[in-house]
Amino acid sequence: MPVIEVLVKPGDTVAKEQSLITLESDKATMEVPSSAAGTVKELKVKLGDEVSEGTVILLLETDGAAAAAPAPAAAPAPAPAPAPAPKTESKAPQAASASGRSADITCQLVVLGSGPGGYSGAFRAADLGLDTVLVERYDTLGGVCLNVGCIPSKALLHAAAVIDEAEAMAAHGVSFGKPKLDIDKLRDFKAGVVGQLTKGLAGMAKQRKVRTVTGTGTFVSPHEMEVQTAEGTKLIRFEQAIIAAGSQSVKLPAFPWDDPRVVDSTGALELKDVPGKLLVVGGGIIGLEMATVYAALGSEVTVVEFMDQIIPGADADLVKPLAKRLGGKLKGIHLKTKVTEAKAGKKGIEVKYEGESIPDTSVFDRVLVAVGRSPNGHKIGADKAGVAVTERGFINVDTQLRTNVPHIFAIGDIVGQPMLAHKAVHEAHVAAEVAAGNKAHFDARVIPSVAYTNPEVAWVGVTEREAKEKGLKVGVGKFPWAASGRAIGIARTEGFTKLIFDEATHRIVGGAVVGVNAGELISELALAVEMGAEAADIALTVHPHPTLGESVGMAAEVYEGTITDLYIPKKK
């Protein structure tokens with residue numbers, strides 16, 4: 001992970017567990033603590049450096065002796081089998097005694113949070129016969145993802161894609177004219193999508209006899225939870241619990257958050273209006289998705305990214321087609337640059353920059369800060385239940401999603417990277433099954449990632465960069481969509497499909513797709529990795545023609561040397 005902030009300097013005295021540096025992934029930031037108290041003698045990393053487990057951060061002088069402070073396993077290099085939890089040490093707190101109060105609700109299982117992980121865990125547990133209560137702070141089920149995240153953003157991205165496609169068709173003889181934007185109707189469309197799904201969840205909860213409690217839940221003892229509801233405080237007494245409390249957007253202190261013109265992703269999705277000039281701070285997945293939406297709606301969008309490429313977690317070749325297309329849609333993408341100051345002015349939010357690519361605009365109608373998400377581990381009273389939480393708010397779990405308190409489980413964003421809804425769902429199923437007495441473990445080999453930009457970018461498993469860093473012997477099969485009949489037919493040939501194989505076994509270990517519907521195509525690659533498919537298995541699977549999906553089989557043929565849709569001279 002890249003270093004985005006160095007919090008100490010030589011000569012500083014630091015305490016044990018004091019934060020030393022801040023790291024960034026696609027969707028979250030995390031601080032790395034000191035393993036001991038002492039004086040900083042020498043820094044071994046700087047802004048922009050990539051660190052992984054075991055990287056020496058600094059030399060620390062303790063009691064007259066210099067010792068190396070390595071990065072803990074909370075910041076591992078990407079792995080084909082993501083760990084279900086960060087591995088930072090967290091001391092177990094002393095649990096609080098039972099309150100002794102009469103419970104308003106008793107149950108076998110309480111689930112805190114009703115995002116995709118939370119409701120999946122509650123529903124699966126109910127299906128397995130457990131009397132289950134689901135606690136959610138929003139008025140409707142679905143958590144951040146359904147209410148103010150994944151789902152509303154995809155509804156707006158669909159609208160943006162239609163606008164782009166209509167504009168592009170003019171070059172092929174079909175003109176629709178300039179789109180007329182009714183912001184209220186578009187907002188209603190987004191709300192309708194959200195409403196349909198959340199209403200469906202409420203119905204399924206009722207069918208399964210899952211009781212729902214609306215309010216903010218916090219533990220008060222290992223078997224008790226208080227929920228602050230509109231009707232007052234309710235006490236839930238439970239036998240087991242699943243923590244699915246998720247994460248929140250990181251709010252950088254350099255920005256005036258009391259000004260409504262500075263927003264996080266939730267604020268951007270409210271779609272209050274279409275700002276004339278929009279600054280997006282952060283070129284990761286969330287930032288670029290919102291940049292795509294607002295650019296299509298008519299905003300002049302500027303993106304500032306601290307690292308040397310957009311979507312830092314992906315291979316460089318994978319994001320190039322996206323960067324090229326966005327280059328024609330946005331005011332500018334400025335890499336190796338950061339905002340050092342932002343203040344509210346009469347004409348807009350006034351910003352100052354530092355870096356290699358300074359934008360020529362310094363006053364914006366709105367600023368979207370999308371630099372990652374941080375887990376909510378410190379917001380749920382976990383210590384009262386005896387659950388250990390790391391300094392950065394993560395909760396460590398085992399492969400059965402148990403915390404250090406055996407009857408309390410944790411899933412989703414709060415247990416570590418990647419912070420993705422589909423990971424949370426699968427973890428939830430395991431936690432619910434274990435809570436019901438079944439033998440289950442979370443052992444996914446890979447978890448796919450998708451940026452729903454235009455074009456979409458998706459990858460799974462080992463990346464080329466990771467293979468190079470780890471010295472893995474891999475081979476690559478890459479099929480350009482410029483040779484795809486389907487891609488040519490829809491005038492979207494900028495993409496490609498790439499498969500990565502272990503050279504010793506010819507088994508697929510990773511893959512990536514950039515192009516239209518890449519997020520749909522990546523599932524085949526994820527399944528192939530899980531099943532241990534070899535290149536020949538994929539190449540000999542008959543894919544329908546003409547489709548974008550057949551590029552997967554053709555990429556395998558490229559690796560095998562059997563491709564006929566391309567001419568690749570044999571190596572001498």
Side-chain angles (χ1 to χ4, degrees), residues 26 150-151 153-174 176 179 193 283-297 301 310-311 313-330 333 422 448-460 477-499 510-528 538 543-558 565-566:
D26 286 341
C150 322
I151 299 304
S153 68
K154 302 312 168 285
L156 295 181
L157 282 162
H158 170 66
V162 171
I163 291 171
D164 283 345
E165 287 186 26
E167 180 182 343
M169 283 305 296
H172 309 296
V174 182
F176 295 92
V193 171
I285 291 175
I286 295 174
L288 292 180
E289 288 183 352
M290 289 296 92
T292 298
V293 168
Y294 277 93
L297 296 181
V301 181
I310 56 175
I311 313 183
D315 279 335
D317 65 337
L318 193 64
V319 299
K320 282 182 179 178
L322 172 61
K324 183 177 180 181
R325 186 175 176 86
L326 285 178
K329 302 287 184 180
L330 308 184
I333 299 176
H422 42 281
S449 295
V450 183
Y452 296 92
T453 45
N454 188 4
E456 292 182 358
V457 178
W459 67 98
V460 66
K478 190 172 181 179
F479 184 80
W481 286 15
S484 162
R486 178 64 170 163
I488 293 171
I490 61 174
R492 293 301 300 270
T493 59
E494 74 273 12
F496 63 79
T497 299
K498 176 172 67 173
L499 308 185
V513 185
V514 55
V516 179
N517 295 331
E520 311 296 334
L521 301 182
I522 202 66
S523 295
E524 180 180 354
L525 304 190
L527 178 62
I538 302 171
H543 291 75
H545 172 79
T547 61
L548 299 175
E550 68 181 331
S551 66
V552 174
M554 290 178 176
E557 290 179 355
V558 170
D565 281 68
L566 292 173

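Values in this document were obtained by computation on a predicted structure and should not be read as measured data. When a residue number appears, it is its place in the shown sequence, counting from 1. Hydrogens, waters and symmetry mates play no part in the numbers below; they use all other heavy atoms, side chains included.
Shown here are the side-chain contact (heavy atoms from CB on, under 4.5 Å) partners of S551, two or more places apart in sequence or in another chain: F479, W481, T497. Remark: S523 pairs with no residue by the side-chain contact (heavy atoms from CB on, under 4.5 Å) rule, at least two apart or across chains. With sequence neighbours excluded, the residues that form a side chain to side chain donor-acceptor pair (under 3.5 Å) with H545 are E550. P480 is linked by a side-chain contact (heavy atoms from CB on, under 4.5 Å) to L566, counting only residues two or more places apart in sequence or in another chain. Annotation: side chain to side chain donor-acceptor pair (under 3.5 Å) contacts of H543 (sequence neighbours excluded): E524.
Side-chain contact between P455 and V516: absent, with no pair of heavy atoms (C-beta onward) separated by less than 4.5 Å. The shortest side-chain heavy-atom distance between L548 and V513 does not fall under the 4.5 Å cut-off. For the pair I285 and V457, the minimum side-chain heavy-atom distance is 4.5 Å or more.
Shortest non-hydrogen contact noted between T453 and E289 is CG2-N, 4.0 Å. Scanning all heavy atoms of the two residues, the minimum distance from L525 to V460 falls at CB-CG1, 4.0 Å. Residue I333 comes nearest to L330 through the heavy atom pair CG1-CD1, 3.9 Å, listed as atom of the first residue, atom of the second, then distance.
Taking CZ from R486 and OG1 from T547, the interatomic distance works out to 8.5 Å, rounded to the nearest 0.5 Å. Considering CZ of R325 and CD of E494, their distance stands at 5.5 Å, rounded to 0.5 Å.
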Walk me through it: do L318 and I311 pass the test side chain to side chain contact (heavy atoms under 4.5 Å, CB included)?
-> CA-CA 9 Å; L318 193 64; I311 313 183; over 6 Å; no
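Within the 3.5 Å criterion, the main-chain N or O of G519 finds a donor-acceptor partner in the side chain of E456.
Sorted by first and then second residue, the pairs that involve residues 156-170 and meet side chain to side chain donor-acceptor pair (under 3.5 Å), not counting sequence neighbours, are D164-N454.
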